[in-house]
Amino acid sequence: MNPSNKRHLRSIAGLLFICACFVTGTLAQGLEKAPPLPEGMTGSSKEDPRAKLPAGLFDAGQASMGMKHVSLVKKPSAFELGTVDADDPRVKQILGQLGAGDGSQIPPAIRLVFAQLAFANSDLAFQGDRVFMGNFYGMSIYDISDPEKVKLLTTMLCPGGQGDVSVYKNLMFMSVEMPNGRLDCGTEGFPPDLSQGGMPVANKDRFRGVRIFDISDIRNPRQVGAVQTCRGSHTHTLVTDPNDKENVYIYVSGTSFVRQAEELEGCSGGRPEEDPNTALFRIDVIKVPVKAPQNAAVVSSPRIFKDEETGKIAGLDSGGTHSDDPKKGTIAASLTDQCHDITVYSEIGLALGACSGNGLLLDISDPANPKRIDAVNDSNYAYWHSASFSNDGSKVVFTDEWGGGMGARCRANDPNTWGANALFRLNGKKLEFVDYYKMPAAQGDSENCVAHNGSLVPVPGRDIKVQAWYQGGISVMDFTDPSNPMEIAYFDRGPIDENMVIMGGHWSAYWYNGRIYGSEIARGLDILELTPTRYLTQNEIAAAKSVKVDEFNVQNQEKIVWPNKLVVAKAYIDQLERSKALDAGKIKALREAISSAEGSKLASADRTKLKSLASSLTGGSGADAKRMKALAAILNDPAM
């Protein structure tokens with residue numbers, strides 16, 4: 001970062017703070033070229049079909065494998081900046097709402113990126129036939145009952161970024177972090193004032209925290225609660241307690257500056273050795289009475305970075321990481337004082353914290369008081385961003401948002417261990433690193449690209465994750481064997497613009513009730529379907545589609561349970577054939593018996609035949625042994 005950019009960043013850091021990792025990605029003037037690959041490292045492939053796609057907003061070239069694009073619903077006009085000219089009055093207007101005046105003190109490239117970010121689509125949540133799409137300027141709700149004719153039900157203007165949403169019954173929660181957020185959801189922001197070194201002037205009308213809406217009238221969400229926090233809410237996690245049906249909890253991850261005590265009593269950004277009550281080095285936990293959400297309040301602020309032996313609040317650090325240019329050496333270790341994302345798996349009583357400099361394993365048996373069990377760091381990781389468990393809880397995927405989502409970090413010369421997924425085994429209560437996975441196609445200098453948000457795809461017998469990579473598109477990773485992760489499907493578009501980085505690409509890509517939904521930052525809502533390939537059969541896709549849920553909030557991971565349907569059995573048979581765990585004769589007998597049972601609608605004789613075959617399913621090892629056991633269970637008690 002050059003000295004002039006440092007001065008500009010200091011002047012706007014408090015006003016436009018998204019998170020430190022995001023900001024660093026905006027500082028390149030023109031197109032940033034990747035330095036040479038460090039010795040011994042491998043980059044992405046320039047020979048991949050995705051590497052040279054034509055540019056365009058709605059006419060960009062496309063490439064896919066194992067995935068069909070169903071439809072794109074363009075983002076509402078209310079969420080369009082409408083210009084790529086940094087001097088356009090609309091840019092000045094939005095920067096003014098953010099409190100940065102007319103933006104004249106900010107270099108044009110940075111000015112434009114921040115203005116674009118103010119209208120970026122963000123995360124997704126699902127309920128019934130509806131998808132809830134967050135945006136830095138509000139949110140939208142869509143009817144997805146017909147994926148080819150998706151209908152926009154409502155758009156709500158409510159600025160404050162990131163606008164990440166989650167849903168629970170008649171309630172919707174929204175994260176607000178930026179200083180233009182107002183209690184009343186107004187779009188006017190606050191008057192600029194740079195007299196406090198970039199910090200916004202304290203204002204009691206400002207809102208930074210978690211909003212709560214009643215969505216009983218789906219076309220008219222009504223704000224019924226607003227819980228303020230000292231650092232705002234960059235993201236949040238909905239947590240349900242199996243033993244408490246009257247309340248839900250919200251884990252708040254704040255990554256921004258700490259507001260003044262004059263604005264919110266009790267807030268302090270002091271160093272922990274000077275102020276034991278600092279708002280740094282903690283998360284916040286909000287308890288929400290489901291029937292009285294207006295009474296929601298922060299009930300704890302766990303010190304999950306604390307050194308339990310010494311009692312030091314600042315007990316974890318990154319261990320040091322690489323610089324963007326290997327010639328410049330390494331970056332010294334920094335203290336970890338925030339989480340970016342927390343994924344909870346209440347059924348197993350655990351959570352994963354992707355916390356800037358560290359990956360954490362948390363005990364959430366008491367949801368209001370999560371406790372750290374283990375922590376890892378990695379010199380290849382620049383910013384621990386998000387995480388997922390495998391369905392059985394034995395494996396973990398962390399992501400690294402190197403470059404903050406605004407930088408091109410999937411170029412041919414970018415190492416494939418930087419900005420990648422890190423795969424771990426969970427051995428008891430310890431995280432054990434296994435390998436990395438990075439989307440393998442080289443992207444251009446104008447394509448912001450790095451690992452971002454994804455979810456499991458419920459194919460039985462396998463661990464599969466679909467994931468967004470910004471302008472790197474969508475990649476589907478099989479990590480059944482975490483020491484050999486592989487890509488089995490993808491969808492990608494060319495860059496929005498060949499000559500400049502325009503904030504775009506997929507923020508999130510999630511599987512929900514049979515399809516993949518992508519939150520495209522600049523374009524809108526993408527709907528896609530998996531298609532059969534040598535890596536994934538039609539039976540496996542059909543088995544995944546047999547799993548239906550009523551609500552889906554990705555950071556609140558729930559156990560996937562497959563029905564005892566014959567289509568699921570056929571998926572296991574395809575897998576056992578692929579791995580050669582069963583001989584051809586047995587595969588043939590199983591398929592013929594299932595076909596007969598389907599034709600007779602499970603007549604008594606066919607049930608008997610299936611049970612006899614089940615008794616012969618023994619042996620195998622690892623994943624194949626589990627597949628045989630699951631297949632036998634279905635054959636012993638099958639359903640159509």
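- Between L112 atom CG and I106 atom CD1 the span is 11.5 Å, to the nearest 0.5 Å.
- Defined by atom type and a distance below 3.5 Å, a donor-acceptor pair is present between the side-chain atoms of S483 and D481.
- Under 4.0 Å is where a charged nitrogen must lie from a carboxylate oxygen, and between R493 and E447 no such pair does.
- T321 is not listed as a side-chain neighbour of W402, based on a closest heavy-atom distance of 4.5 Å or more.
- Screening D492, D48, N448 for a side chain to side chain donor-acceptor pair (under 3.5 Å) involving Q443 leaves a single residue, D492.
- Taking M65 as the reference, Y490, T533, Y535 meet the side-chain contact (heavy atoms from CB on, under 4.5 Å) condition, with sequence neighbours excluded.
- With contacts defined as side-chain heavy-atom distances shorter than 4.5 Å, the pair K92/P89 does not qualify.
- Taking 4.0 Å as the cut-off between side-chain N and carboxylate O, R425 and E432 do not count as a salt-bridged pair.
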One pair to check against side chain to side chain donor-acceptor pair (under 3.5 Å): D123 and S508. What are the steps and the verdict? CA-CA 6 Å; D123 216 1; S508 306; 2.6 Å; yes
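- A ring-centre distance under 6.0 Å is found for W507 and H452.
- The side-chain contact (heavy atoms from CB on, under 4.5 Å) check on N377 picks up D317, N358, with sequence neighbours excluded.
- Geometrically, R409 does not engage Y470 in a cation-pi contact, judged by NZ or CZ lying under 6.0 Å from the ring centre and within 45° of the ring axis.
- Residues passing the side-chain contact (heavy atoms from CB on, under 4.5 Å) test with T83 are L81, D85, D88, R90, V91, sequence neighbours excluded.
- For F398 and Y381, the ring centers are positioned 6.0 Å apart or more.
- A 4.5 Å side-chain heavy-atom check between S356 and T255 finds every atom pair outside the cut-off.
- When each of L423, N380, N421, N416 is checked for a side-chain contact (heavy atoms from CB on, under 4.5 Å) with Y436, only N380 meets the rule.
- Figure legend: cation-pi geometry between R372 and F305 absent, as NZ or CZ is not positioned both under 6.0 Å from the six-membered ring centre and within 45° of its axis.
- Of the candidates I250, V252, V344, V344 is the only one forming a side-chain contact (heavy atoms from CB on, under 4.5 Å) with T237.
- Contact check for S334 versus S318: side-chain heavy atoms found under the 4.5 Å cut-off.
- Here the CZ atom belonging to R50 is positioned 9.0 Å from the OG atom belonging to S45, to the nearest 0.5 angstrom.
- Between D463 and K465 there is no salt bridge, since none of the side-chain N atoms of the basic residue sits less than 4.0 Å from a carboxylate O of the acidic one.
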